[in-house]
Amino acid sequence: MKKDSPIFVAGHRGLVGSAIIRNLTSKGYTNILCRGRDELDLLDQAAVNYFFQQNKIEYVVIAAAKVGGILYNQNYQADFLYENLVIAATLINAAANNDVKKLLYLGSSCIYPKLAPQPLKEEYLLTGPLEPTNEGYAIAKIAGLKLCEKYNMQYGKNFISAMPTNLYGPGDNFHPDHSHVIPGMLRRFHRAKIEGIPEVVVWGSGNPKREFLHVDDLAEGLYVLMEKYDDPTVINVGTGVDCSIAELACMMKDVVGYQGEIVFDTSKPDGTPRKVMDVSRMKSLGWEPKYSLADGLAETYQWVLENKIFDDGKTAYNRIRRGAII
Ligand code: GFB
């Protein structure tokens with residue numbers, strides 16, 4: 001990519017999209033195009049085609065998606081399947097029809113079978129049943145990566161797919177019910193500390209294990225893929241290290257400086273027991289994550305405090321989503 005190449009980052013206001021913008025801007029890229037959902041409806045094929053034509057887009061990163069934590073996924077499976085399916089189809093088709101040189105599609109570690117051997121290798125895709133709590137999202141993501149693969153085969157395109165692990169960091173979604181585990185826990189531990197609440201409830205048994213990658217480490221990995229990776233095979237992007245949700249809760253308690261108790265609400269779903277990824281192929285490209293989980297959690301909490309994310313509740317959440325803070 002040349003510094004003035006037209007690069008479209010779809011989903012620029014989200015956790016991943018905002019990190020990609022920070023990363024490319026820091027590297028001196030000057031022609032990064034972004035459109036909010038109020039400016040470009042990614043579910044509208046004609047509108048997206050017109051946008052690609054008008055702006056002669058050369059590179060595309062698809063960081064736009066309907067995302068959320070385990071409860072949100074579990075309870076809105078049709079919305080997750082439909083919206084993520086159409087976003088992928090619309091953007092990939094527009095890229096193919098408008099001579100985009102390279103496209104990077106983002107999947108997720110939840111595309112792998114619930115009980116696949118660990119660590120997860122890319123070849124385990126489609127070898128068993130998926131985790132029910134996010135099956136809708138996972139099928140949409142699998143369809144997207146397969147669409148890239150088939151456009152490469154039939155039309156000779158260069159559309160690559162990366163499978164990030166669970167992500168966290170500045171610009172995350174801190175919604176009390178829809179967020180992923182790290183922002184959800186951070187909000188709960190912070191509120192308990194400020195309001196002197198004697199115990200913090202952690203969803204599930206605490207036994208599942210998860211791998212967590214700071215979003216700025218992901219953004220650097222995606223840059224490496226855009227520059228060096230032209231293989232149609234999906235590639236895992238993660239730390240290759242996991243911890244239990246109970247261990248995460250103890251780390252969070254230390255990061256926030258909370259003195260109370262941790263209790264587990266087993267009426268909430270655990271989800272996949274484990275999904276740590278084999279990241280050897282990504283590391284062979286010369287990329288290594290920089291943040292330890294402890295440092296990444298501390299940096300994220302500092303960002304939350306500096307941006308007063310929890311001070312005015314919903315407003316702060318909405319400001320984040322409109323990109324006012326990022
Ligand atoms: O991050 P999370 O919502 O999604 O949940 P998944 C991870 C684990 O943390 C589950 C537990 O076992 C939850 O029960 N947990 C504990 C919590 N406290 C909380 C909390 O306050 N909020 C949340 N959300 N969880 C996601 C998929 O699955 O993985 C996404 O839903 C995506 O679509 C992502 O694929 C990578 O890791 O279970």
Side-chain angles (χ1 to χ4, degrees), residues 14-16 63 65-77 79-81 83-85 87-88 106-116 118 120 125 130-142 144-145 162-169 172-192 199-215 218 234 236-239 242-253 256 258 262-277 293 297 300 310:
L15 171 67
V16 175
K66 182 177 182 61
V67 296
I70 189 164
L71 272 195
Y72 195 23
N73 261 274
Q74 181 178 272
N75 299 334
Y76 294 85
Q77 300 247 18
D79 298 346
F80 273 87
L81 176 50
E83 284 191 42
N84 289 302
L85 202 53
I87 286 170
L106 290 183
S108 158
S109 58
C110 73
I111 64 163
Y112 293 109
K114 178 181 179 108
L115 302 175
Q118 309 278 324
L120 297 165
L125 179 62
L130 298 166
E131 158 58 36
T133 54
N134 52 40
E135 187 185 55
Y137 179 74
I139 287 176
K141 285 297 175 183
I142 291 169
L145 69 91
M163 299 302 120
T165 187
N166 289 49
L167 303 168
Y168 71 98
D172 206 340
N173 169 356
F174 289 87
H175 188 285
D177 303 318
H178 295 173
S179 60
H180 286 99
V181 59
I182 285 179
M185 266 194 200
L186 207 50
R187 167 186 283 276
R188 207 162 298 120
F189 274 99
H190 176 78
R191 187 169 149 259
E199 58 185 34
V200 165
V201 175
V202 171
W203 294 358
S205 66
N207 296 327
K209 300 188 84 173
R210 290 292 184 274
E211 174 187 6
F212 297 105
L213 179 68
H214 189 286
V215 72
L218 172 73
V234 303
N236 292 339
V237 187
T239 62
D242 62 356
C243 67
S244 73
I245 296 302
E247 288 163 336
L248 175 70
C250 292
M251 292 174 80
M252 197 69 82
K253 178 177 174 178
V256 171
Y258 175 66
I262 295 170
V263 295
F264 294 94
D265 173 3
T266 51
S267 72
K268 296 286 193 312
D270 270 344
T272 302
R274 195 177 184 207
K275 50 179 175 178
V276 63
M277 296 198 296
L293 182 55
L297 292 176
T300 303
F310 299 146

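Each ligand, and each atom within it, is numbered from 1 in the order the structure gives. Side chains included, hydrogens not; waters and symmetry mates left out as well; all remaining heavy atoms used.
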(message) Between the side chains of Asp242 and Arg274, is the shortest nitrogen-to-carboxylate-oxygen separation below 4.0 Å, so that they form an ion pair?
(response)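 Judged by the 4.0 Å cut-off on N to carboxylate O distance, Arg274 and Asp242 do form a salt bridge.
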(request) Look at the rings of Phe310 and His190 and say which category their plane angle falls in: under 30° parallel, 30 to 60° tilted, over 60° perpendicular. (result)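 Because their plane-to-plane angle lies in the 30° to 60° range, the rings of Phe310 and His190 count as tilted.
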(request) Anything under 30° is parallel, anything over 60° is perpendicular, the rest tilted; go ahead and classify Tyr76 against Tyr72. (result)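 Aromatic pair Tyr76/Tyr72 classed perpendicular.
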Please tabulate, line by line, the atom pairs linking an N/O of ligand 1 to a protein N/O at a distance below 3.5 Å, with the distance in Å to 0.1, or answer 'none'.
residue: ligand 1; atom: 1 (O); partner: Val181; partner atom: N; Å: 3.0
residue: ligand 1; atom: 3 (O); partner: Ile70; partner atom: N; Å: 2.7
residue: ligand 1; atom: 12 (O); partner: Asp270; partner atom: O; Å: 2.6
residue: ligand 1; atom: 14 (O); partner: Pro269; partner atom: O; Å: 2.7
residue: ligand 1; atom: 18 (N); partner: Trp203; partner atom: N; Å: 3.1
residue: ligand 1; atom: 21 (O); partner: Arg188; partner atom: NH1; Å: 3.0
residue: ligand 1; atom: 21 (O); partner: Arg188; partner atom: NH2; Å: 3.2
residue: ligand 1; atom: 24 (N); partner: Ser179; partner atom: O; Å: 2.9
residue: ligand 1; atom: 28 (O); partner: Lys275; partner atom: NZ; Å: 3.3
residue: ligand 1; atom: 29 (O); partner: Lys275; partner atom: NZ; Å: 2.9
residue: ligand 1; atom: 31 (O); partner: Asn73; partner atom: ND2; Å: 3.1
residue: ligand 1; atom: 33 (O); partner: Asn73; partner atom: ND2; Å: 3.1
residue: ligand 1; atom: 35 (O); partner: Ser108; partner atom: OG; Å: 2.8
residue: ligand 1; atom: 37 (O); partner: Asn166; partner atom: ND2; Å: 2.8
residue: ligand 1; atom: 37 (O); partner: Arg210; partner atom: NE; Å: 2.8
residue: ligand 1; atom: 37 (O); partner: Lys275; partner atom: NZ; Å: 3.2
residue: ligand 1; atom: 38 (O); partner: Arg210; partner atom: NH2; Å: 3.0

(message) Once ring-ring contact (aromatic ring centres under 6.0 Å, His included) is applied, do any residues pair with Tyr112, and if so which ones, sequence neighbours excluded?
(response)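 Expected list: none.
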(request) Would you check if Pro269 and Gln74 make a side-chain contact, meaning some heavy-atom pair closer than 4.5 Å? (result)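 Yes - at least one pair of side-chain heavy atoms lies under 4.5 Å apart.
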(request) Keeping the roles fixed (side chain from Lys275, backbone from Arg210), state whether a donor-acceptor pair exists under 3.5 Å. (result)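 Flag not set: sc Lys275 to bb Arg210 has no pair under 3.5 Å.
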